[in-house]
Amino acid sequence: LRRQAKPYKRRSRQPILPVFELLGTIALSHPGGDGKYRARQPDSIIRRYSKAAKRNRLLLMLDIQPGRASFIDEVKHLKRWLKKPFVSVALDPEWNVGRNGVPGEGIGSVSARMINRVTRYLTKLVRRRDLPQKLVVVHQFTDSMIRRKDDLKRRRAVDLVLNADGFGTPEAKRSKYTQLAPSPRSGLYPGFKLFYEEDTNLMSPKQVMRLHPRPRFVVYE
């Protein structure tokens, strides 16, 4: 992680903060024990990553694939971890399939209203616990994955990132990023994801930092 971050440090005037992203809620292709089509990461696993993040001065971001559950319920379930100053969340709408969907059989989505509920909940947590800002990353590879995007609310206690997901060639990824990156005037932050294996001709950090607007959050998988 540090090795991958080095070339970005050389090209950024702002400090670069490495982040571990761990699945906190994992979408399932079967109902599971409670019919929610998702499994919650055991505390023992999250604890291992939490300790490693704290020891190495990293952020830990818990990614939520809710299946038929809701993002807000899964965020509340992770409250014990979100009380920690270095733990934040990512929302993965692809796996948010509603009451009757099955993960993997279609592409899910999330409403701006639900994202706003999550950021409002985290804002209250930050204020009550006197915590640093929380990072909330929403992954997307189609514009329709976030419904009513213009209704997303900015909150001082939360940095909200809209992350351009999806793999392909550099040309395809640049085009997708141009389509999905939020306007600088929106107060939201652009993110960009790369895949070591699935991408064709993996883009270099130099190429990534030349994107416009410049990504504020970069993910490698």
Side-chain angles (χ1 to χ4, degrees), residues 19 21-29 36-38 61-75 88-119 135-154 158-203 207-208 210-221:
V19 184
E21 186 172 6
L22 172 69
L23 290 175
T25 303
I26 307 163
L28 303 175
S29 60
K36 296 292 187 180
Y37 284 79
R38 60 94 174 91
M61 191 167 63
L62 299 175
D63 185 278
I64 297 173
Q65 301 177 348
R68 291 187 183 180
S70 70
F71 280 118
I72 189 63
D73 286 346
E74 297 308 302
V75 169
S88 291
V89 295
L91 310 180
D92 211 336
E94 177 184 2
W95 308 103
N96 184 47
V97 298
R99 295 180 179 179
N100 302 308
V102 176
E105 292 188 0
I107 298 173
S109 64
V110 65
S111 66
R113 181 180 179 184
M114 176 57 73
I115 296 173
N116 291 339
R117 286 184 68 186
V118 169
T119 58
L135 180 66
V136 175
V137 175
V138 185
H139 297 300
Q140 56 172 344
F141 53 82
T142 68
D143 194 51
S144 60
M145 289 174 73
I146 302 177
R147 305 189 303 276
R148 300 184 66 90
K149 196 176 295 186
D150 290 343
D151 292 339
L152 289 171
K153 294 184 178 180
R154 295 174 55 189
V158 173
D159 280 343
L160 182 58
V161 174
L162 304 187
N163 186 57
D165 207 331
F167 49 82
T169 63
E171 292 76 18
K173 292 177 74 74
R174 289 190 191 98
S175 176
K176 183 67 68 175
Y177 180 74
T178 299
Q179 175 191 351
L180 297 177
S183 163
R185 292 175 294 177
S186 69
L188 308 176
Y189 297 105
F192 189 69
K193 187 168 184 177
L194 301 110
F195 293 82
Y196 288 118
E197 296 183 2
E198 289 87 351
D199 277 351
T200 304
N201 297 325
L202 181 68
M203 292 174 66
Q207 291 174 308
V208 173
R210 284 180 172 176
L211 291 170
H212 183 76
R214 176 178 283 191
R216 298 292 295 275
F217 183 78
V218 180
V219 190
Y220 281 84
E221 180 178 317

Check: [Y] and [X] side chains under 4.5 Å, non-hydrogen atoms:
{"X": "W95", "Y": "T25", "answer": "no"}
{"X": "L152", "Y": "V138", "answer": "no"}
{"X": "V97", "Y": "V102", "answer": "no"}
{"X": "T119", "Y": "K153", "answer": "no"}
{"X": "V218", "Y": "L194", "answer": "yes"}
{"X": "D92", "Y": "I64", "answer": "no"}
{"X": "M203", "Y": "P170", "answer": "yes"}
{"X": "R113", "Y": "D151", "answer": "no"}

Please report the closest heavy-atom contact between [X] and [Y], naming both atoms and the distance.
{"X": "A27", "Y": "Q65", "result": "N-OE1, 3.0 Å"}
{"X": "P66", "Y": "E74", "result": "CB-CG, 4.5 Å"}
{"X": "V161", "Y": "P190", "result": "CG1-C, 4.1 Å"}
{"X": "V19", "Y": "M61", "result": "CG1-CB, 3.8 Å"}
{"X": "T142", "Y": "L180", "result": "C-CD2, 3.8 Å"}
{"X": "R68", "Y": "G98", "result": "CG-O, 3.0 Å"}

Once rounded to the nearest 0.5 Å, what's the spacing between atom [atom1] of [X] and atom [atom2] of [Y]?
{"X": "L162", "Y": "R216", "atom1": "CG", "atom2": "CZ", "value": "13.0 Å"}
{"X": "R38", "Y": "D73", "atom1": "CZ", "atom2": "CG", "value": "8.5 Å"}
{"X": "R148", "Y": "M114", "atom1": "CZ", "atom2": "CE", "value": "15.0 Å"}
{"X": "E21", "Y": "S88", "atom1": "CD", "atom2": "OG", "value": "11.0 Å"}
{"X": "Y220", "Y": "L202", "atom1": "OH", "atom2": "CG", "value": "6.0 Å"}

In terms of heavy-atom contacts, does [atom1] of [X] have more than 12 from other residues, nucleotides or ligands at under 6.0 Å?
{"X": "F167", "atom1": "CZ", "result": "no"}
{"X": "K149", "atom1": "NZ", "result": "yes"}
{"X": "N201", "atom1": "CG", "result": "no"}

Residues two or more places apart in sequence or in another chain: which of them pass salt bridge (charged side-chain N to carboxylate O under 4.0 Å, His left out) with D159?
->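 If we apply the salt bridge (charged side-chain N to carboxylate O under 4.0 Å, His left out) test to D159, skipping adjacent residues, there are no hits.
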
Under the side-chain contact (heavy atoms from CB on, under 4.5 Å) rule, what do V89 and F71 come out as? Steps first, then yes or no, please.
-> CA-CA 10 Å; V89 295; F71 280 118; over 6 Å; no

If a pair satisfies salt bridge (Lys or Arg N to Asp or Glu O under 4.0 Å) and one of its residues is in residues 163-174, list it, with sequence neighbours excluded.
->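 Listed by first then second residue: D165-K193, K173-D199.
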
Check step by step if side-chain contact (heavy atoms from CB on, under 4.5 Å) holds for R154 and L160.
-> CA-CA 7 Å; R154 295 174 55 189; L160 182 58; over 6 Å; no

Return yes if a side-chain donor-acceptor contact under 3.5 Å exists between S109 and R147, otherwise no.
-> yes

Ignoring hydrogens and geometry, is there a side-chain-to-backbone donor-acceptor pair from Y177 to P213 under 3.5 Å?
->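 Yes; judged by distance alone, with no hydrogens or angles, the pair exists.
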
